[in-house]
Q: 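Quick one: structure below, then a few questions.
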Amino acid sequence: MRPDDVPVLALLRQSMSFHSDRQQVIAENIANANTPGYTPRDLDESDFHAALRSQMGDRSTAPRGAIGLTTTRAGHIPASTGASASSASWEPIDSPDSETTVNGNSVVIEEQMVRAQENRMRYESALTLYQKSLGLLRTAIRPPGR
């Protein structure tokens, strides 16, 4: 059994992947703070939420006529959608900050630093939940008396 076979772990891995990619985009924005004409970019969270909904098996986002597996008992593990957390790619979009300088650059370092901090906290929350979930699985599969 792979960790991606457990739905909550797959969701947490996808969340960590999104926040890791977002941190890279924010770092690029900060690195280009003095580049004339540069417009900061960010990852669209609605794409991320749509990917999470499809990962969780939301039928409203499934293609018409798609047939999914169903569980017959409460103890059954639902089938995965086949999409791995690392297969998601997020497209950066232009996201200008509140001010634009004379040279056309619209990166505001303070705003980017706030985004970076919020993103880091979300990543660390997902990472902590992932680690705790793995710990619970290890405890559950440990033979009695150990």
Side-chain angles (χ1 to χ4, degrees), residues 1-71 74-142:
M1 176 184 227
R2 299 176 342 187
D4 279 347
D5 292 339
V6 180
V8 70
L9 294 179
L11 292 173
L12 290 169
R13 284 176 47 99
Q14 191 165 10
S15 176
M16 289 186 299
S17 173
F18 173 79
H19 292 298
S20 176
D21 291 348
R22 186 171 187 230
Q23 195 72 16
Q24 183 176 351
V25 171
I26 293 169
E28 290 172 4
N29 291 342
I30 293 170
N32 287 298
N34 294 322
T35 303
Y38 185 81
T39 301
R41 301 177 313 152
D42 202 352
L43 298 184
D44 189 7
E45 287 197 47
S46 64
D47 290 344
F48 171 63
H49 293 297
L52 284 182
R53 278 193 302 277
S54 69
Q55 182 78 20
M56 293 179 352
D58 184 3
R59 296 221 180 253
S60 65
T61 60
R64 186 179 185 109
I67 299 173
L69 298 176
T70 59
T71 57
H76 290 174
I77 298 174
S80 67
T81 59
S84 115
S86 60
S87 67
S89 61
W90 318 106
E91 291 297 320
I93 57 171
D94 286 347
S95 178
D97 288 341
S98 60
E99 301 173 5
T100 302
T101 60
V102 176
N103 68 1
N105 186 307
S106 59
V107 176
V108 177
I109 295 289
E110 292 82 6
E111 290 180 28
Q112 294 297 319
M113 295 303 287
V114 167
R115 284 183 190 171
Q117 183 66 16
E118 289 173 351
N119 190 60
R120 183 185 68 81
M121 289 188 306
R122 289 179 181 174
Y123 179 87
E124 287 178 356
S125 296
L127 178 62
T128 300
L129 288 171
Y130 187 82
Q131 290 171 334
K132 296 289 183 184
S133 298
L134 284 178
L136 287 172
L137 286 174
R138 286 186 194 108
T139 301
I141 63 174
R142 187 176 301 138

Q: If I compare all heavy atoms of Y130 with all of M16, which pair ends up nearest, and what's the gap?
A: CG-CE, 3.9 Å
Q: Output the distance between atom NE2 (H19) and atom CD (Q24), rounded to the nearest 0.5 Å.
A: 15.0 Å
Q: Run the side-chain hydrogen bond (donor to acceptor under 3.5 Å, both in side chains) test against E118 and tell me which residues pass, sequence neighbours left out.
A: none
Q: Keeping N105 on the side-chain end and A33 on the backbone end, is there a donor-acceptor pair under 3.5 Å?
A: yes
Q: May I ask you to say whether R122 pairs ionically with E45, meaning some side-chain N is under 4.0 Å from a carboxylate O?
A: yes
Q: Report the distance from atom OH of Y38 to atom OG1 of T100, rounding to the nearest 0.5 Å.
A: 13.5 Å
Q: Return the OG1 to OH distance between T128 and Y123, rounded to the nearest 0.5 Å.
A: 10.0 Å
Q: Given S125 and R120, is the side chain to side chain contact (heavy atoms under 4.5 Å, CB included) satisfied, shown in steps?
A: CA-CA 9 Å; S125 296; R120 183 185 68 81; over 6 Å; no
Q: State the CG-OG distance between D21 and S17, to the nearest 0.5 angstrom.
A: 4.5 Å
Q: For N34, look at atom CG and say whether over 12 heavy atoms of other residues, nucleotides or ligands are found less than 6.0 Å away.
A: no
Q: Identify the two heavy atoms, one from V25 and one from R41, that lie closest to each other, and give their separation to 0.1 Å.
A: CG1-O, 3.3 Å
Q: Rounded at 0.5 Å granularity, tell me how far CG in N119 sits from CZ in R22.
A: 5.0 Å
Q: Search all heavy atoms of A126 against all heavy atoms of L12 and return the closest pair with its distance.
A: O-CD2, 4.0 Å
Q: Who pairs with E111 by side chain to side chain contact (heavy atoms under 4.5 Å, CB included), at least two apart in sequence or on another chain?
A: D97, S98, V108
Q: Taking all non-hydrogen atoms of both residues, which atom of N29 and which atom of V107 are closest, and how far apart?
A: O-CG1, 3.6 Å
Q: Keeping the roles fixed (side chain from N32, backbone from E28), state whether a donor-acceptor pair exists under 3.5 Å.
A: yes
Q: Between atom OG of S20 and atom CD of Q23, what is the distance when rounded to the nearest 0.5 Å?
A: 8.0 Å
Q: Between I30 and Q112, what is the shortest heavy-atom contact and its length?
A: CG1-CB, 3.7 Å
Q: Any sub-3.5 Å donor-acceptor pair from S15's side-chain atoms to L11's backbone N or O?
A: no
Q: Which heavy atom of Q14 sits nearest a heavy atom of F48, and at what distance?
A: O-CE1, 3.8 Å
